[in-house]
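Just follow the structure's listing: the first ligand is 1, and inside any ligand the first atom is 1. Residues take their numbers from the sequence shown, with the count starting at 1.
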Amino acid sequence: MTDLIKSNLANVKQIIEESARSAGRHPADIKLLAVSKNFLAQIVLDLAQYGQQEFAENYVQEGVEKVQYIKKNHPEFDLIWHFIGPLQSNKTRLVAEHFDWVQSIDRIKIAQRLSEQRPAHLAPLQVCLQVNIDAGPTKSGVNPALALELADEVRKLPNLELRGIMTIPDPQTDWDKQVLIHSRAKVIFDQIRNTIASVRFDTLSMGMSSDINAAIYAGSTMVRVGTALFGERRKT
Ligand SMILES: *Cc1c(COP(=O)(O)O)cnc(C)c1O
């Protein structure tokens, strides 16, 4: 299994590198986030031993258990944990206490709670706004038209640091369509960055296993990859 993980990691890194070069970008400007949801802590350790440092989880309970288990039993890995799933207000405390990043901020109330609940001995929680780039009414994420306003409120919260935006577009198989939707996110990202003028607003989190190339072409600085690293997830 670890051999497979090792070659998957090498493959994904190669896709990132080739995508960056063909887009005229520097590969080092694109971060790989390993999405370990639905997999056991062991697979995180397998990947960590090959140098992967940043991991993401979607479900609060599962994520917190994995974070705690690895911190306690494998302190030699200094991992950075991102929360990327939907977040209800009654679960914010656990996330504020155990994660380094939250990418799924879609309303001010959640951001305020995270800021209030962030323990004082920890660095500010690094956050991205999740933007509903397809504008589907049932999908999570802030409406693109309201993203700038939300960014302006979130960046004033004391224990959060606003780092960028995250998008999860509907799956598209067509490369042009993938680029089109990711380019729309890039426009929103640039608009917020130019308005709030923060150098640390540097994260455009978009692209998953099936659209890494198009996302990087459109300007992604962080791809979130699960299947291409770990294989198919079991249904929950
Ligand atoms: C599951 C998930 C991913 C990873 O998707 P893959 O297609 O398995 O690479 C990325 N981002 C989010 C928000 C996810 O929920």
Inset, instruction - Using the salt bridge (charged side-chain N to carboxylate O under 4.0 Å, His left out) rule, take Glu17 and Lys13 through it: C-alpha gap first, then chi angles, then the decisive distance, then the call. - result: CA-CA 6 Å; Glu17 191 161 321; Lys13 283 186 170 169; over 6 Å; no
Legend entry - Salt bridge Asp190-Arg193, side-chain N to carboxylate O under 4.0 Å: yes
Inset, instruction - With the side chain counted from C-beta on, respond yes when Arg118 and Leu160 share a heavy-atom pair under 4.5 Å apart, and no when they do not. - result: no
Inset, instruction - Please answer whether the main-chain N or O of Val225 pairs with a side-chain N or O of Ser209 as donor and acceptor at a distance below 3.5 Å. - result: no
Inset, instruction - With sequence neighbours excluded, tell me which residues meet salt bridge (Lys or Arg N to Asp or Glu O under 4.0 Å) with Lys72. - result: none
Inset, instruction - Write down, by chain and number, every protein residue that brings a non-hydrogen atom to less than 4.0 Å from an atom of ligand 1. - result: Val35, Lys37, Asn58, Ile84, Ile168, Met208, Ser209, Arg224, Val225, Gly226, Thr227, Arg233
Inset, instruction - Can you establish whether the number of heavy atoms outside Lys71 located under 6.0 Å from its atom NZ is more than 12? - result: yes
